[in-house]
Trainee: 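Quick one: this structure, given as structure tokens, is what I'll be asking you about.
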Protein chains: 2
Amino acid sequence: MTPYEIIAKKRDGHTCSPEEINWLINAYTEGALPDYQMAAWLMAAFIRGLNDEEKHAITRAMLHSGIVADLSDIPGIKVDKHSTGGVGDKVSIILAPVVAAAGVPVPMISGRGLGHTGGTLDKLESIPGFKTDYDFENYRRIIRETGVCLIGQTKEIAPADKKIYALRDVTATVESIPLISASIMSKKLAEGIDALVLDVKCGSGAFMKEPERAEELARSLIGIGEAAGKTTVAYMTNMDEPLGRKVGNWLEIEECIDALNGNGPADLMEVTHHLCGAMIWLGGKARDAEEGRAISREMIHSGKAMKKFLEIVEAQQGNTEFIRHPERYPKARYQREVTATATGWVNAIDTMQIGIAGVELGAGRLKQEDTLDMKAGLIIHKKIGDKVQSGEKLATLLADNEARLDKAAPRVQNAYTIRDETVEPPTLILKYLDKNT
Amino acid sequence: MTPYEIIAKKRDGHTCSPEEINWLINAYTEGALPDYQMAAWLMAAFIRGLNDEEKHAITRAMLHSGIVADLSDIPGIKVDKHSTGGVGDKVSIILAPVVAAAGVPVPMISGRGLGHTGGTLDKLESIPGFKTDYDFENYRRIIRETGVCLIGQTKEIAPADKKIYALRDVTATVESIPLISASIMSKKLAEGIDALVLDVKCGSGAFMKEPERAEELARSLIGIGEAAGKTTVAYMTNMDEPLGRKVGNWLEIEECIDALNGNGPADLMEVTHHLCGAMIWLGGKARDAEEGRAISREMIHSGKAMKKFLEIVEAQQGNTEFIRHPERYPKARYQREVTATATGWVNAIDTMQIGIAGVELGAGRLKQEDTLDMKAGLIIHKKIGDKVQSGEKLATLLADNEARLDKAAPRVQNAYTIRDETVEPPTLILKYLDKNT
């Protein structure tokens, strides 16, 4: 078994054995296999594809390149959620306290903003003092005490994935469904979960624009989760417009506080309750997903979810003052209204462009070393199907820097399509998928 | 234009523009593009293929990464030959003096042994003192004075090809016809030629085993040569058995001396006269290839070719004593006979295995740093179609080391297939190809 033979095998469209894949990934992680050989194999895998056995072998090799959390001493069925990323997707921050309040432990390793999408960690860190860089020992302690802990990918978790992802990023081998799935699942399986609920986004603001590709990704993720012995189910949800009405780090925390206080926007709550419902069901606290959704709503209605959120913020060293009194949070220095230039109905919103506008305003990173403006972002006033008058506000843009507003405003303007015909708001929950569907 | 975009373009099966390819190859040669990005692009190019425009752009970029010899001050049409490599292929060493004696200047840059095939440079260096590492200034001087010069690829010639070939070699991206063609032609076009005759080998001892692949390579090479404004023609020749009767560095020089003295084996002479005939024709010294072949035979018959060979050896600082008296050359310490184990006719010879046996005996390199045993090799007594008696000699193996004989002998034995049925010797000249065929 030489690297040359393994590369040539994949190049010619053959299947690499689990032993070959394991060897390849371990050798690469340890530095024994050079970047150029890994890059050649990744490109061959990208073009020729990878079958289930190969995909599972990659996931296992990357998972076991690091530490896998053992949460067996914590009672209960541990369930997490993973979203493939969208604009205004703040679901995790509402969902974690809801599900934990319902008695299901939530071990959650989240990411930072990626491209046009925001990141749960960045949003949480807009709460002054909130810490996300706990080691595994503290991660377990906080889950045991609070029922939930929200951390970032540490160096201990799937280091092979980290190294391979960085190489894929510069060799045009990112958008491969098997490689994306293996990357996601190697990190999720390291969390110590028993079950996983996926939110696979689809539409103009998602990485997967077409339903077919989104469904392929969902099935691929379910396949890996189930092969690892973890019950895995997925909702395909719409991402043709931002979820909720706020985009930006603190702005989204504000919207989560509203949601936990029972005042969340309908679309955000629909997606949240579906995902929470499935988690509560898989966590053994409901007979089915529907009962899970009822419990989810009850957790908010009763104030238990908000109470849990305050507990989480406290456990992770965040300042709860701003959670109780969000109006005290510092304000962005400048704001700009984007208004309609025609009368009619909002027909479409190019959500990718809204996401990019958010990055331009300072809510996301263009380069890894960029610092975030936690107050920057957008408030969305008009969504698909809404009637608008010419001159009426479509969105409010917030930033500490006027040049950023100048840049982002025309982009947001252009993202809106207004037509002289009515249109239905998009269906949010597109499909439920599990190993039997 | 970013490396990422160029890689993604090829990955998705699109065509890269000449500017993109030029940028890629220059950036790589200068060290501005890392190995892993070039490796990813090469794998994408290997799998997706390259069209003619891309292939020409690669050739041009690699050619112009170094110095292109200007031989315009030397009178006459300069013609070279290139062979895709085989076992016992010593044609260049007979052909260069024949064609030069006929008045056609031959600027020839040759290679070293590669895998199971020998290299012209290694063979020439078995002549004590023979130098092949001249710079371009001396290369031109020797061609002007002698009508021919045989050198190796210097650092000045197509350095991009050298760097890219080394990367292809470790990333399983060698066997791509467009990449092979661009690599060969970038070096040939640097020689200062006006026309080129190709010997594309096909059979069990060639890199291309199937006639279809060999023809594809021949047409690809012709396309590049003609696009560069150089008349390029090709013969596809058989390589199902070693050419001539000797394999090994000095052994092949011995056979070349015999050939130049008018005593060459028929198969070797047939291929040599075909290639010489085309060169003499393209060099303007014959009306057609047939007349060229007659002139070629006459050059040997008259002794003019042998006289030219002695001139070449002298010009390149070799000792002519051994050319005049090959029997004075030192002998290998050991020899071993491989004999037939059955009676019948030689049906097939696995020529790749004969080549590997040659390497094992010390005539070739397993690793780049291996030193050669100039006296080692094989003398082939039985060829395809020959009748053999059980116990009769098939081949004599020569080496300075008995362990090497122990290793190579069974391989040579197994390379022979003897059957109880007659078989015709292979047809040597399979096809003539040029831009009009």
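Bear in mind that the values here come from a model prediction, so they are computed numbers and not experimental data. Each chain gets a letter, A, B and so on, in the order its sequence line appears, and its residues count up from 1.
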Trainee: For chain A, which candidate among Asp35(B), Leu167(B), Asp12(B), Ile47(B) shows the most heavy-atom pairs at distances under 4.5 Å?
Mentor: Ile47(B)

Trainee: Using non-hydrogen atoms and a 4.5 Å limit, figure out which bit of Glu5(A) sits close to chain B: side chain, backbone, both or neither.
Mentor: neither

Trainee: Can you measure from CG (Asp169(A)) to OH (Tyr4(B)) and round to the nearest 0.5 angstrom?
Mentor: 6.5 Å

Trainee: Does a sphere of radius 6.0 Å around NZ in Lys407(B) hold more than 12 heavy atoms from other residues, nucleotides or ligands, not counting ones at 6.0 Å or beyond?
Mentor: no

Trainee: Quick check on Leu42(A) against chain B: is it the side chain, the backbone, both or neither that has a heavy atom closer than 4.5 Å?
Mentor: neither

Trainee: Supply the atom-to-atom distance Phe46(A) CZ to Arg11(B) CZ, rounded to the nearest 0.5 angstrom.
Mentor: 3.5 Å

Trainee: Minimum heavy-atom separation for Ile7(A) to Met43(B), with atom names?
Mentor: CG2-CE, 3.4 Å

Trainee: Of all the heavy-atom pairs spanning Ala39(B) and Ala39(A), show the shortest one and how long it is.
Mentor: CB-CB, 4.4 Å

Trainee: Can you see which heavy atom on Tyr36(B) is nearest to which on Val170(A), and at what distance?
Mentor: CE1-CG2, 3.4 Å

